[in-house]
Amino acid sequence: MSKESNSIGVFVPVEVSEEKTFWNRIGTAFVNSKGLSLLLDAVPVGGRAVVISEEIAVGEGPYRVLTPVEYEKDGEKKTRWTRIGTAIPNKKGLTVLFNAHPVSGKAVVILAEEPKEGGESTDDLAF
């Protein structure tokens, strides 16, 4: 990642051989207050994507992967967060394992510690 850009690449392996792996970029990630916001241009068919950036400060993991689901209640727009996968640290960033695909193409990897009793607010997560 260059110092001029705040975006981080999201990739899937398209061809793996003993000598080399070829990668296809399917989206972009941005750092947010609790982790990473993922904007996907394509569905990771194998249910797996890799966020490549050695600049991401990750611990041991695993981490939660959530997607926003917007709805309206009493005339007010609200967002509910649904867990759709897990992210595991690797040598060059994170491997994201999807149990479901985000219909909106948006997902969040929560790198913050697990919440204490009472839950956690995701109100400040933006795309």
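The figures that follow rest on heavy atoms only: side chains count, while hydrogens, waters and symmetry mates do not.
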Who pairs with [X] by side chain to side chain contact (heavy atoms under 4.5 Å, CB included), at least two apart in sequence or on another chain?
X   : result
L97 : R48, I88, T95
K20 : S17, F22
V43 : H101

For the student: nearest non-hydrogen atoms of N90 and K92, plus distance:
OD1-N, 2.7 Å
Closest heavy-atom pair, V65 versus A107, reported as atoms and distance to 0.1 Å, is CG1-CB, 4.2 Å
Is there a side-chain contact between N99 and I84, using heavy atoms and a 4.5 Å cut-off?
no
Compare all side-chain heavy atoms of F98 with those of L40 and state whether any distance is below 4.5 angstrom.
yes
For atom CD of E70, decide whether the heavy atoms of other residues, nucleotides or ligands shown that lie under 6.0 angstrom number more than 12.
no
With rounding to the nearest 0.5 Å, note down the distance linking [atom1] in [X] to [atom2] in [Y].
X   : Y    : atom1 : atom2 : answer
N24 : D41  : CG    : CG    : 10.0 Å
K34 : R64  : NZ    : CZ    : 8.5 Å
F11 : T21  : CZ    : OG1   : 13.0 Å
S33 : L111 : OG    : CG    : 10.5 Å

Option among V50, I8, L36 that satisfies the side chain to side chain contact (heavy atoms under 4.5 Å, CB included) test with L94:
L36
When clusters are formed by joining ILVMFWY residues with side-chain heavy atoms under 4.5 Å apart, either directly or through shared neighbours, do V10 and V45 land in the same one?
no
Any donor and acceptor pair, going by atom type alone, linking the side chain of T67 with main-chain N or O of K106 inside 3.5 Å?
yes
